[in-house]
Q: 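Sharing a structure, written as structure tokens. Questions coming.
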Amino acid sequence: MGRHEWSTGAGSGPRRRAFAATPAARADDATSRTRPGRWRLTALLGVSAAVLALVVTLLGTLPGGGASTAGTSRDRDRAHGTPAAPRGRPEPAVGWGFTHTRYSADEGSATATGRVAGRLAKDRGLPQVQALMGWGADNPEPVKGRYDFGAMDRRVGFIRESGGTPVITLCCAPDWMKGGRPGAGNTDWSRAALETAPTPEHYQDFADLAATVARRYPDVRHFIVWNEFKGFWNDGERRWDYEGYTRMYNLVYQALKKVDEDIMVGGPYLVMDSLGPHQQENASAGFRGPWGAMDQRVLDAFGYWNTHRAGADFVVVDGSSYANDDEPLPDEFAATDKLTAVSEWVRRQTHDLPLWWAEYYVEPADGDGERTGWSEAHRLAVHATGMIAMARGGADSGFYWNPEDETGADCPGCLWTPTTGTGGGRELPMYGLVSRFHRAFPPGTRFETVSVAPDDVPDVRVLAGAGTVLVVNTLNRAISARVDGRRFDMHAYEVRWLTR
């Protein structure tokens with residue numbers, strides 16, 4: 001996903017979101033609005049042409065078989081750098097952190113990147129997610145058996161330096177696994193190409209790549225399999241290709257467990273779409289609320305994966321509080337109740353597997369896909385309310401999307417200022433919320449009920465642990481609130497932390 005959003009046409013697949021890939025894709029991924037599709041062979045011009053095409057493809061997929069291997073290496077299994085020594089078996093929940101996207105603090109001024117790394121280390125190292133290909137990472141295997149982990153090495157190195165818990169999302173796939181051209185210079189960074197899944201005959205190749213990544217970064221103990229079912233859409237039946245995804249998931253799960261049975265693996269990373277009241281097609285009859293109705297196609301996909309998965313150490317979803325038409329119901333604060341409802345539903349389906357929200361969104365995008373219409377105070381208040389909602393529903397971990405922009409002092413919703421200059425890498429308000437939430441409510445927190453004055457109940461959202469109470473004023477005006485036995489004034493949309 002990313003800061004730009006888009007929807008497919010009527011009757012096609014559910015909403016998906018644009019991605020931020022590597023520098024090579026910056027022009028394409030920021031402006032493209034076309035529907036992603038699978039690679040198709042549109043015509044066969046006779047038997048001879050078909051045979052010739054097959055020969056060319058086979059030659060191209062072999063190392064040295066006509067596909068450039070410049071910049072690649074066979075050095076696949078050697079551990080990169082100095083991995084941190086494992087400290088016992090990893091836990092399946094990691095807490096609250098963020099996802100590295102196209103621009104992040106691994107590049108830029110050494111002063112600025114060091115500032116971010118130091119800040120993260122002081123905050124006990126937030127969990128950090130990095131994708132395998134795209135979102136700042138290059139094609140990891142441009143030719144079968146030839147690898148390029150340079151960008152990935154840099155991102156993992158930054159996570160180590162900042163003391164974070166590393167998580168790798170195993171998406172996306174090299175071109176030769178999905179019908180594209182092999183070769184170091186042939187990677188297609190368009191959104192349609194990135195959002196194409198491996199073809200079934202290459203599911204095992206993708207699983208083998210996942211195992212290679214696990215051996216290269218032995219301190220990465222948590223892996224998410226794929227991203228939002230990208231490319232797994234059944235056009236003929238107008239539903240998710242959950243059979244194909246689950247086949248690939250199971251192969252990846254088994255491959256990672258062969259590397260180390262203690263590696264934590266999770267999926268399915270479905271977008272938990274909901275529909276507004278005027279949308280009847282595909283609306284769930286039984287899973288709905290004031291915020292809308294769940295898309296039954298998503299529930300069906302989740303149910304198939306949950307029934308047929310080879311195993312899972314945690315479960316992963318993503319989604320927004322608002323419906324597919326960008327309408328938050330009944331309003332932007334009450335809409336976050338959807339995140340609680342989805343969290344509770346997922347926990348019931350999986351018999352209480354640890355729950356991760358790989359991405360979560362509470363601010364609808366404008367016509368250009370940007371989320372810039374709210375003040376930062378408004379944004380923080382709704383976001384804090386969303387995090388409270390996920391935690392109340394039983395979520396153990398969640399990851400904020402979009403740490404920084406490429407340039408500019410104004411970066412709505414960013415975690416820190418751009419690291420391109422020596423003055424960059426400075427903390428922004430959203431970082432304070434995410435990092436404080438991580439410290440205050442780690443996995444395993446026992447949430448407590450605290451008193452709230454009856455007059456304040458409609459206006460504030462509250463989450464309390466043994467030592468901390470988080471209070472959010474949901475009104476665009478000042479109030480005087482009484483929470484946990486204390487009376488205090490709050491500014492419009494204020495987020496207040498109380499120590500107990």
Side-chain angles (χ1 to χ4, degrees), residues 38-41 54 57-65 67 69 72-78 131-134 137-149 152 168-183 186-188 193-218 220 222-234 240-261 263-269 301 304-305 307-313 316:
R38 302 164 189 266
W39 289 84
R40 294 181 176 89
L41 188 61
L54 178 61
T57 300
L58 289 174
L59 288 175
T61 58
L62 295 173
T69 59
T72 67
S73 169
R74 294 185 185 276
D75 182 17
R76 56 181 183 171
D77 293 328
R78 181 182 301 175
L132 171 63
M133 177 177 172
D138 291 327
N139 187 337
E141 192 178 3
V143 177
K144 186 172 183 178
R146 304 285 302 198
Y147 301 89
D148 178 5
F149 289 118
M152 195 72 174
I168 290 179
T169 295
L170 294 167
C171 182
C172 293
D175 296 58
W176 60 271
M177 294 187 190
K178 54 198 181 188
R181 296 173 60 198
N186 292 330
T187 301
D188 185 348
L194 259 290
E195 294 194 343
T196 299
T199 56
E201 60 268 26
H202 288 298
Y203 288 168
Q204 185 61 58
D205 289 319
F206 188 76
D208 293 341
L209 173 58
T212 296
V213 172
R215 288 188 291 266
R216 185 169 185 83
Y217 310 111
V220 178
H222 300 84
F223 290 86
I224 301 172
V225 181
W226 209 242
N227 174 310
E228 297 185 336
F229 267 46
K230 284 178 168 61
F232 288 99
W233 178 255
N234 186 321
W240 292 111
D241 177 18
Y242 40 73
E243 300 95 337
Y245 169 80
T246 304
R247 278 184 57 203
M248 189 180 80
Y249 172 90
N250 286 342
L251 290 171
V252 173
Y253 177 90
Q254 292 158 358
L256 291 172
K257 291 295 184 178
K258 286 180 181 178
V259 174
D260 186 341
E261 63 180 10
I263 286 176
M264 302 280 105
V265 186
Y269 203 153
Y304 184 92
W305 171 83
T307 300
H308 296 90
R309 56 183 167 86
D313 299 293
V316 188

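Fair warning: this is a prediction, and the values are worked out from it, not measured in the lab.
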Q: Within the 4.5 Å heavy-atom criterion, are V220 and F223 side-chain neighbours or not?
A: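 They are in contact (side-chain heavy atoms under 4.5 Å apart), so the answer is yes.
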
Q: If the condition is side chain to side chain donor-acceptor pair (under 3.5 Å), which residues does T169 pass it with, not counting sequence neighbours?
A: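 Per chain and number, T169 pairs via side chain to side chain donor-acceptor pair (under 3.5 Å) with no residue.
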
Q: Using side-chain heavy atoms (C-beta onward) and a distance below 4.5 Å, is V225 in contact with Y253?
A: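 The answer is no, as the side chains (C-beta and beyond) never meet within the 4.5 Å cut-off.
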
Q: Run the numbers on M133 and T187 for side-chain contact (heavy atoms from CB on, under 4.5 Å), then give the verdict.
A: CA-CA 11 Å; M133 177 177 172; T187 301; 3.8 Å; yes

Q: Can a donor-acceptor pair be found, under 3.5 Å and without considering hydrogens, that links the side chain of Q254 to the backbone of K258?
A: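 Checking the backbone N and O of K258 against the side chain of Q254, no donor-acceptor pair under 3.5 Å is found.
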
Q: Please report the shortest heavy-atom distance between F149 and V213, naming the atom on each side.
A: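 Smallest interatomic distance, heavy atoms only, reads CE2-CG2, 3.9 Å.
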
Q: Starting at CD of E201, measure out to CE of M177 and round the result to the nearest 0.5 Å.
A: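 Going from the CD atom of E201 to the CE atom of M177 covers 11.5 Å.
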
Q: Closest approach of L194 and K178, non-hydrogen atoms and distance?
A: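 For L194 and K178, the tightest heavy-atom pair comes out as CA-NZ, 4.1 Å.
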
Q: For the side chain of D175 and the backbone of D188, is there at least one donor-acceptor N/O pair under 3.5 Å apart?
A: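 Yes.
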
Q: Who passes side-chain contact (heavy atoms from CB on, under 4.5 Å) against T246, sequence neighbours left out?
A: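 Testing T246 for side-chain contact (heavy atoms from CB on, under 4.5 Å), a comparison that skips the adjacent residues, returns N250, Y304, W305, H308.
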
Q: Do P200 and R247 have side-chain heavy atoms sitting under 4.5 Å apart?
A: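 Of all side-chain heavy-atom pairs linking R247 with P200, at least one is under 4.5 Å.
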
Q: Closest approach of A173 and P198, non-hydrogen atoms and distance?
A: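 Looking at all heavy atoms of both residues, the closest pair is CB-CG, 3.6 Å.
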
Q: Checking L170 against L209 for the side-chain contact (heavy atoms from CB on, under 4.5 Å) test, could you report, in this order, the C-alpha distance in whole Å, the side-chain angles of both residues, the deciding distance, and whether it holds?
A: CA-CA 9 Å; L170 294 167; L209 173 58; over 6 Å; no

Q: Is E261 atom CD crowded by more than 12 heavy atoms from other residues, nucleotides or ligands, each under 6.0 Å away?
A: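 Not more than 12 within 6.0 Å, no.
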
Q: In sequence, state the C-alpha distance, the side-chain angles, and the governing distance for Y147 and N139, and then conclude on side-chain contact (heavy atoms from CB on, under 4.5 Å).
A: CA-CA 8 Å; Y147 301 89; N139 187 337; over 6 Å; no

Q: Considering non-hydrogen atoms only, spot the tightest contact between P182 and W176 and give its length.
A: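 Taking every non-hydrogen atom into account, CB-CB, 3.9 Å.
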
Q: Could you tell me which residues satisfy side chain to side chain donor-acceptor pair (under 3.5 Å) with Y217, sequence neighbours excluded, listed by chain and number?
A: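 For Y217, the residues satisfying side chain to side chain donor-acceptor pair (under 3.5 Å) (neighbours in sequence not counted) are D153.
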
Q: ring-ring contact (aromatic ring centres under 6.0 Å, His included) with W240: which of W233, W226, F232?
A: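 One option only clears the test, and that one is W233.
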
Q: List the atom of C171, the atom of A131, and the distance in Å for their closest heavy-atom pair.
A: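 Shortest heavy-atom separation between C171 and A131 comes out as O-CB, 3.5 Å.
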
Q: Which heavy atom of A210 sits nearest a heavy atom of V252, and at what distance?
A: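 Closest approach of A210 to V252: CB-CG1, 3.9 Å.
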
Q: Report the residues that fulfil side-chain contact (heavy atoms from CB on, under 4.5 Å) with D260, sequence neighbours left out, ordered by chain and then residue number.
A: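 R221, D262, I263.
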
Q: Sequence neighbours excluded, which residues qualify as side-chain contact (heavy atoms from CB on, under 4.5 Å) partners of D208?
A: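 For D208 the side-chain contact (heavy atoms from CB on, under 4.5 Å) partners, ignoring immediate neighbours, are Q204, D205.
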
Q: Under the salt bridge (charged side-chain N to carboxylate O under 4.0 Å, His left out) test, which residues partner D313, sequence neighbours left out?
A: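 Expected list: K257.
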
Q: Taking the inter-plane angle between the rings of Y249 and Y245 on a 0 to 90° scale, is it parallel (under 30°), tilted (30 to 60°) or perpendicular (over 60°)?
A: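 Y249 vs Y245 ring planes: tilted.
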
